[in-house]
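Basis for what follows: all heavy atoms, side chains included, without hydrogens, waters or symmetry-related copies. Convention: sequence-line order gives letters A, B, ...; per-chain numbering from 1.
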Number of protein chains: 2
Amino acid sequence: MEPLTKRQAEILALIRKFLAEAGRPPTRAEICEAFGFSSPNAAEEHLRTLARKGAIEMIPGLSRGIRVLKTPRGMDAAEPGLPVVGRVAAGSPILAEENVEERYQVDARLFSPGADYLLRVRGHSMRDAGILNGDLLAVHRTSEATSGQIVVARLDSDVTVKRFQRRGHTVRLLPENPDFEPIEVDLRREPFAIEGIGVGVIRTRPR
Amino acid sequence: MEPLTKRQAEILALIRKFLAEAGRPPTRAEICEAFGFSSPNAAEEHLRTLARKGAIEMIPGLSRGIRVLKTPRGMDAAEPGLPVVGRVAAGSPILAEENVEERYQVDARLFSPGADYLLRVRGHSMRDAGILNGDLLAVHRTSEATSGQIVVARLDSDVTVKRFQRRGHTVRLLPENPDFEPIEVDLRREPFAIEGIGVGVIRTRPR
DNA sequence: CAGGCAACTGTTTGGATATACAGTATTCGG
DNA sequence: CCGAATACTGTATATCCAAACAGTTGCCTG
């Protein structure tokens, strides 16, 4: 998005505020009133500029036909909420369309660092970490992890959730359930990638 | 709010949908188009009825001057999201202002039945049910529970989370951790009330 | 069976709104 | 110093829109 001048940013902020408080986009006249303009054309030209720069969309002929488009960062404001990723097809990117089951609107402030998606956990290997079969793991996308963190890892073509431990060329993926065995990966010989780190859990039904 | 007829509920649903998808309230004409009406007066009369019944507000003279008012259950537009209840002061209602730490916007569709608030769980007595110290328990407000459900119960002036079991005049509150002892309550002699049932869990940091 | 209500059709009107056109002042890069 | 862009004033107008008025149909209730 092209950069906005200070005044243009003020206009955009007003549109957002109006939308949030009144539940409808402002008219040219209402923008004028808010800023003290005496001509509706002042508002009209600001709107045209904002539309040209990609900040808003104007629907011709409609009253209050203003739409605020995506926010500067976080390209995916068009699809609000966090995507729920189920079984990940072998070889496909984790957020590929085919893997997304649904989207849930969840407050970003809940997790830090912020969650990028929710992964539906299969199996009981993380039971003792309080992550049960069917739970949604809130995942922050990153390829870096430190020992002790819970990671979403990709092995060959399998995606798994385990506690991460690294020693030199060896990565150990530790389950949190004595019934399961740790996985050892030799980074020099086997494919391995971290898809993200666990930053939270959402369980949608009680146990 | 006065009950709506089927048709009126459809109109209200359309307004909500329009608002969510287009980002602005519909005009009379747009309502007509959506339902196949050939007279704007059909929409006008529906809107008047909805306004009279308290479902919407109409601002006279303004184009698209429709506001959807609070929905029947606990989520009013003024205070969006679910309140987080921390330590509950003895004797005070669980949702009293002083007990609410914060509010988080969380998609209502996540839980069924719907969650009314989030209770911050203290202690480890429900560890084996995957509810850890510091977790947020999503609670559906009700005073009824069936055996086996996880309940938020009030004993004397203490609020606790346990698995519910009832036998005649006796209620047993079962922890999910062998280090803790079950609590027995004789309903004829001791104060006891169910505040709600657990419908989900949110953990905001990994373990 | 009369009367009320829900759910429409059809028409009209004044005010609300978007939008074009004609100017003015200021700033800024070339 | 000139042209372009920003940031406005002021005026005008076709169209959008809310809202009123006059009917119709079917259903339910007393």
Distance below 4.0 Å between B:Arg48 side-chain N/O and D:dA18 OP1 or OP2:
no

Rounded to the nearest angstrom, tell me the gap between atom CG in A:Leu4 and atom C1' in D:dT6.
13 Å

C:dT17 C1' sits how many Å from A:Ile59 CD1, rounded?
14 Å

To the nearest Å, how far apart are A:Met58 CE and C:dA18 P?
8 Å

Whole angstrom is fine here: how far is it from CD in A:Glu45 over to C1' in C:dA25?
13 Å

What's the shortest heavy-atom distance between A:Arg16 and A:Leu69, and which atoms?
NH2-O, 4.4 Å

Please state whether the phosphate of D:dC16, meaning OP1 or OP2, lies under 4.0 angstrom from any side-chain nitrogen or oxygen of B:Thr27.
no

How about A:Arg64 and A:Glu30: do any of their side-chain heavy atoms sit closer than 4.5 Å?
yes

Considering every strand and a 4.0 Å limit on heavy-atom distances, what is the contact class for A:Pro60: base, sugar-phosphate, or nothing?
sugar-phosphate

Closest heavy-atom pair and its distance - A:Phe192, A:Ala153
CE1-CB, 3.7 Å

For B:Cys32 and A:Ser63, find the nucleotide of DNA chain C closest to each by heavy atoms; which residue's nucleotide sits nearer the 5' end?
B:Cys32

Check the phosphate of D:dT6 against A:Thr49, side-chain N and O only, distance under 4.0 Å to OP1 or OP2. Yes or no?
no

Among A:Asp135, A:Val139, A:Val151, A:Ile150, which residue meets the side-chain contact (heavy atoms from CB on, under 4.5 Å) test with A:Val161?
A:Ile150

With the side chain of B:Arg64 defined as its heavy atoms from C-beta on, choose the nearest nucleotide among C:dG10, D:dC17, D:dC8.
D:dC17

From the set C:dC8, D:dT6, D:dT9, return the single nucleotide nearest to any side-chain atom of B:Ala42.
C:dC8

No-H, no-angle donor-acceptor pair, A:Asn41 side chain to D:dT11 base, under 3.5 Å:
no

Side chains of B:Leu118 and B:Val85: does their closest heavy-atom pair fall under 4.5 Å?
no

Between B:Ser38 and B:Leu62, who's closer to the 5' end of DNA chain C by nearest nucleotide?
B:Ser38

Rounding to an integer number of Å, can you tell me how far A:Leu47 CG sits from C:dT17 P?
14 Å

Within less than 4.0 Å of OP1 or OP2 of D:dT6, is there a side-chain N or O belonging to A:His46?
no

Round to a whole Å and report the spacing from NZ of A:Lys6 to C1' of C:dT26.
16 Å

Spacing of A:Phe35 atom CZ relative to D:dT6 atom P, expressed in whole Å:
17 Å

How many Å lie between CZ on B:Arg28 and C1' on C:dG14, as a whole number?
15 Å

